Chemist: 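Pasting a structure here, questions to come.
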Amino acid sequence: MNNYRLHTCLPAGRDLKKQITQILILSTLYSLLSTLIGCDAFVRKFTRKSKKENLPKQELVLVPEEYKPPKMTKEEVYRQYFLYWKSWHDELINSLSGGVSHKKQIDCANEAIKNLESLRATLQEAKQKKLDVYINQLKDLKNEIAQDLYGNDISVNRLTVERIRRSILRDFSYNKIKDSLI
């Protein structure tokens with residue numbers, strides 16, 4: 001009889017599997033339901049967002065502002081352009097010495113000419129005419145460099161640039177030119 005009681009207390013094998021699957025399904029559904037309801041990110045994802053287009057748009061107004069450079073004396077202006085010319089001229093000499101690209105050589109010559117022309121504007125007319133000679137020599141040299149695509153005359157051009165540099169340094173150093181500034 002003891003056997004009978006044990007046998008009736010335990011559910012059958014098939015009933016046991018059915019109860020276990022029901023428990024698993026119910027627990028899965030419960031955890032899924034609690035996750036969906038309690039998940040803040042999920043709720044935020046499906047809530048309707050207010051339209052921002054209805055808000056009044058604020059126009060952006062830009063007011064141009066001119067920045068004026070500080071007042072420089074005629075001595076400072078001359079020294080500045082002279083320094084710019086010297087550095088570009090040195091760069092031209094270095095580009096003609098090394099294997100720098102042809103375009104870089106022309107750009108250096110253009111910048112040196114541009115700074116000499118700015119320097120020219122600070123001088124009196126007699127000194128301007130003297131500087132025009134060097135500017136024209138540098139322009140001619142720039143044309144020769146532009147035509148020398150293969151670099152056959154690079155050493156001749158470098159010597160000419162060095163000669164022009166020495167002449168300008170000799171004739172237009174600030175000590176010799178300070179009385180001729182406008």
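Predicted, not measured: the structure shown is a model, and the values here were computed from it.
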Chemist: For residues Q128 and R120, report the shortest heavy-atom separation together with the two atoms involved.
Modeler: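 That would be NE2-O, 3.0 Å.
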Chemist: Working note: I164 + H89, criterion side chain to side chain contact (heavy atoms under 4.5 Å, CB included); need CA distance, chi angles, decisive distance, verdict.
Modeler: CA-CA 9 Å; I164 294 171; H89 208 90; 4.1 Å; yes
Chemist: Any chance you could measure D153, atom CG, to Q147, atom CD, to the nearest 0.5 Å?
Modeler: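 Output value for this atom pair is 10.0 Å.
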Chemist: Would a 4.5 Å heavy-atom cut-off, applied to side chains only, mark N157 and Q105 as touching?
Modeler: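 Side chain of N157 against side chain of Q105, heavy atoms only: no contact under 4.5 Å found.
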Chemist: With clusters defined by side-chain heavy atoms of hydrophobic residues (ILVMFWY) lying less than 4.5 Å apart, directly or transitively, does W88 cluster with F82?
Modeler: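 F82 and W88: separate clusters.
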Chemist: Any link between L119 and V133 through a network of hydrophobic side chains (Ile, Leu, Val, Met, Phe, Trp, Tyr) touching at under 4.5 Å?
Modeler: no
Chemist: Please walk me through it: do K142 and N110 pass side chain to side chain contact (heavy atoms under 4.5 Å, CB included)?
Modeler: CA-CA 8 Å; K142 182 194 75 159; N110 282 332; 2.8 Å; yes
Chemist: When rounded to the nearest 0.5 angstrom, what is the spacing between CG in L92 and CD in E162?
Modeler: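 One gets 10.0 Å once the value is rounded to the nearest 0.5 Å.
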Chemist: Using 4.0 Å as the upper bound for N to carboxylate O, is an ion pair formed by R165 and D90?
Modeler: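 Yes, charged N to carboxylate O under 4.0 Å.
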Chemist: Are more than 12 heavy atoms from other residues, nucleotides or ligands located less than 6.0 Å from atom OH of Y81?
Modeler: no
Chemist: Below 4.5 Å, heavy atoms only, C-beta onward: do E125 and K129 meet side chain to side chain?
Modeler: yes
Chemist: If we check side-chain contact (heavy atoms from CB on, under 4.5 Å) with S95, which of these qualifies: V100, V161, I106?
Modeler: V100
Chemist: If you compare all heavy atoms of L24 against all heavy atoms of S27, which two are closest, and at what distance to 0.1 Å?
Modeler: O-OG, 3.0 Å
Chemist: Nearest 0.5 Å please: distance from the CD atom of E75 over to the OH atom of Y174.
Modeler: 3.5 Å
Chemist: OH/Y150 to NE2/H102 distance, rounded to the nearest 0.5 angstrom?
Modeler: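 The OH atom of Y150 sits 10.5 Å away from the NE2 atom of H102.
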Chemist: How close do Q124 and D179 get, heavy atom to heavy atom, and via which atoms?
Modeler: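 Taking Q124 first and D179 second, the nearest heavy atoms are NE2-O, 3.8 Å.
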Chemist: Hey, are the side chains of I177 and Y78 touching, using non-hydrogen atoms and a 4.5 Å cut-off?
Modeler: yes
Chemist: Can you find a pair of side-chain heavy atoms, one from I182 and one from L123, that are under 4.5 Å apart?
Modeler: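 Result no, sub-4.5 Å side-chain heavy-atom pair not found.
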Chemist: Between atom CD1 of I93 and atom OG1 of T160, what is the distance when rounded to the nearest 0.5 Å?
Modeler: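 Those atoms lie 11.0 Å apart.
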Chemist: Given the rule that I, L, V, M, F, W and Y join up when any side-chain heavy atoms are under 4.5 Å apart, are L138 and V156 in one cluster?
Modeler: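 Cluster IDs for L138 and V156 differ.
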Chemist: So for atom OH, which belongs to Y134, do other residues, nucleotides or ligands contribute more than 12 heavy atoms lying within a distance under 6.0 Å?
Modeler: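 More than 12 heavy atoms, drawn from other residues, nucleotides or ligands, come within 6.0 Å of this atom.
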Chemist: Are there over 12 heavy-atom neighbours, none belonging to Q22, within less than 6.0 Å of that residue's CD?
Modeler: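 Count over threshold, so yes.
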Chemist: Taking it one step at a time, do E111 and K114 satisfy salt bridge (Lys or Arg N to Asp or Glu O under 4.0 Å)?
Modeler: CA-CA 5 Å; E111 288 297 322; K114 182 179 86 171; 3.2 Å; yes
Chemist: Quick one: closest heavy-atom pair of E76 and K71, and the distance?
Modeler: OE1-O, 4.4 Å
Chemist: With a 4.5 Å cut-off on side-chain heavy-atom distances among I, L, V, M, F, W and Y, is there a chain of contacts connecting L83 to L181?
Modeler: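 No, no single cluster joins them.
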Chemist: To the nearest 0.5 Å, tell me how far K178 NZ sits from R79 CZ.
Modeler: 9.0 Å
